[in-house]
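Every chain is numbered from 1 and lettered A, B, ... according to where its sequence line falls, protein lines coming before strand lines. As the structure is a prediction and not an experimental result, all values here were calculated from the model. All values below come from the heavy atoms of this structure, side chains included, with hydrogens, waters and symmetry mates left out.
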Amino acid sequence: MGVCTTLHTAAAAPPCHLRGFYQHKQQVLFYRNTAYTPRCGRAHSAGLAVRCSGAAGETVVIGLAADSGCGKSTFMRRLTSVFGGAAEPPRGGNPDSNTLISDTTTVICLDDYHSLDRTGRKEKGVTALDPRANDFDLMYEQVKAIKEGKAVDKPIYNHVTGLLDQPELIKPPKILVIEGLHPMFDQRVRDLLDFSIYLDISNEVKFAWKIQRDMAERGHSLESIKASIEARKPDFDAYIDPQKQYADAVIEVLPTQLIPDDNEGKVLRVRLIMKEGVKNFAPVYLFDEGSTISWIPCGRKLTCSYPGIKFTYGPDTYYDHEVSVLEMDGQFDRLDELIYVESHLSNLSAKFYGEVTQQMLKHSDFPGSNNGTGLFQTIVGLKIRDLYEQIVAEGASSPLKATTTKA
Amino acid sequence: MATIPSLHLPLVPRPAALASGASSRPLALRTTLSLRPIKVAGSRRMRPAVVAAVPESIEEKVVESIKQAEEVCAGGGTSGECAAAWDEVEELSAAKSHANDRKKGSDPLEEFCKDNPETDECRTYDN
């Protein structure tokens with residue numbers, strides 16, 4: 001969007017910066033002589049009520065629900081990489097902080113809103129999955145404050161010691177991602193989210209992943225891993241799982257159907273379930289939107305190694321919502337398989353041909369880089385970027401009208 | 001863990017300070033702990049030393065928590081207590097695996113250059 005004024009002669013014209021993100025600065029919105037930066041929610045001179053967006057205005061809030069606490073999870077790294085820059089813990093702060101900060105994005109771990117620390121939970125006999133162990137009022141207040149552009153002092157839950165440490169200051173970013181077990185549990189927090197994602201890992205795959213993660217460690221055995229999953233299952237099913245009905249996108253990870261009796265869990269069948277009718281979100285589709293497609297790309301033009309790749313796409317209903325489901329079963333072995341698949345998908349919100357492939361290659365060392373988990377996480381990342389740009393464009397295109405702020 | 005924040009205060013880390021700081025921490029059960037990650041040029045290695053220490057103690061915590069969880073569940077504790085115990089095991093295992101990932105990726109020179117990009121060692125020539 002070029003928004004430079006044309007009041008000056010060429011000789012005296014100030015440099016007009018038409019870079020990608022220029023429209024996010026407040027200076028763009030004002031053509032009047034009063035030069036002031038708007039803050040949402042405050043009364044302004046000259047009788048203007050401004051609805052802001054982007055940097056100092058309404059922060060875009062994304063919710064991500066996933067089991068087993070937070071951390072430098074792969075999805076977060078892919079997401080922040082799509083926006084550019086690496087996300088890192090705040091410098092000079094608590095080394096056990098769970099927060100990640102990059103130029104545009106701040107990722108907050110919702111474990112920081114535990115109301116009971118580890119000893120407290122042991123005494124009461126509740127798991128971290130139980131809503132009784134979390135302070136939803138504080139979560140709502142702080143997410144609302146950040147969304148409105150105010151900095152907050154957020155508590156830190158130290159996963160190593162199991163204690164609640166001194167708070168850290170979180171300044172409002174352009175994009176706030178809240179990641180954890182309960183981003184969509186509380187209705188008020190849910191209403192603050194601009195987009196929400198749920199990672200639904202099936203029990204067999206979860207078991208296989210936990211074995212890969214824990215078996216090499218001292219102390220763990222197959223029985224202890226199984227017992228740990230079983231013990232947490234009731235609370236998980238009661239409190240965490242129901243959140244998937246509220247998510248705008250669900251990434252469901254299941255065992256493959258291409259290999260009969262597979263129990264290694266290396267090849268995965270991943271389904272991207274996208275809700276229809278979500279503002280600023282156009283679901284990805286294959287070939288023809290709204291029809292049912294089954295596609296095996298391997299053939300004459302593309303040779304794949306065992307077990308190959310299979311895609312399906314189609315409309316469906318999910319918890320009484322209309323959804324579109326894109327499914328990938330199998331894995332990528334070579335770069336050309338990836339680019340071939342990308343060239344046949346539509347509505348990816350990529351900025352150039354091959355962007356999805358480029359992002360996947362950038363992080364080829366991340367787990368899931370050769371299957372649907374990495375592919376769909378990358379695609380969701382691009383969709384979120386598209387959503388963010390649309391929200392900002394909406395805000396910038398109606399700068400001088402009096403608007404009602406979201407109550 | 002109370003002494004660990006104090007390790008971040010000195011702005012100019014010195015090898016002597018590092019060695020004494022590391023060995024005075026109550027969690028450093030073995031004196032070889034402070035020497036382990038530092039093979040390259042001695043000074044300015046505060047952060048890797050702290051990161052290297054933590055996985056050791058997390059590992060022991062994981063082992064202990066598994067034992068405890070098995071006791072609680074076998075010894076007829078309520079299902080809530082049993083679930084909370086195994087939840088703790090899960091939390092500590094996740095913390096251990098994240099610490100491992102962090103440790104695997106960290107290059108001492110990159111860590112130093114992130115904080116001090118203007119020093120001679122960290123200059124890059126991009127043209």
Is Leu92(B) close to Arg118(A) at the side-chain level, that is, under 4.5 Å between some pair of heavy atoms?
yes
Minimum heavy-atom distance between Ala128(A) and Asp87(B), given as atom pair plus value:
N-OD2, 2.7 Å
Interface moiety of Ala95(B) toward chain A, non-hydrogen atoms closer than 4.5 Å:
side chain
Testing the basics here: between Ala227(A) and Trp86(B), what is the closest heavy-atom pair and its distance to 0.1 Å?
CB-CZ2, 3.5 Å
With a sphere of 6.0 Å drawn around NZ of Lys362(A), does it hold more than 12 non-hydrogen atoms of other residues, nucleotides or ligands?
yes
Which atoms of Glu70(B) approach chain A - backbone, side chain, both or neither, heavy atom under 4.5 Å:
side chain
For Lys206(A), does the NZ atom sit with more than 12 other heavy atoms under 6.0 Å from it, leaving out its own atoms?
yes
Counting only heavy atoms not in Gln166(A), do more than 12 sit closer than 6.0 Å to its CD atom?
no
Do you know which two heavy atoms are closest between Ala83(B) and Ala231(A), and how far apart they sit?
CB-O, 3.6 Å
For Glu88(A), is it the side chain, the backbone, both, or neither that has a heavy atom closer than 4.5 Å to a heavy atom of chain B?
side chain
State which residues pass side-chain contact (heavy atoms from CB on, under 4.5 Å) with Leu254(A); sequence neighbours excluded, sorted by chain then number.
Ser202(A), Glu252(A), Arg269(A), Arg271(A)
At under 4.5 Å between heavy atoms, what parts of residues 209-222 of chain A are in contact with chain B? List them by residue number.
Lys210(A), Arg213(A), Asp214(A), Glu217(A), Arg218(A), Gly219(A), His220(A)
Which atom of Glu81(B) lies closest to which atom of Lys122(A), heavy atoms considered:
CG-O, 4.4 Å
Let me confirm one number: the CG-CD distance from Asp67(A) to Glu90(B), rounded to the nearest 0.5 Å.
6.5 Å
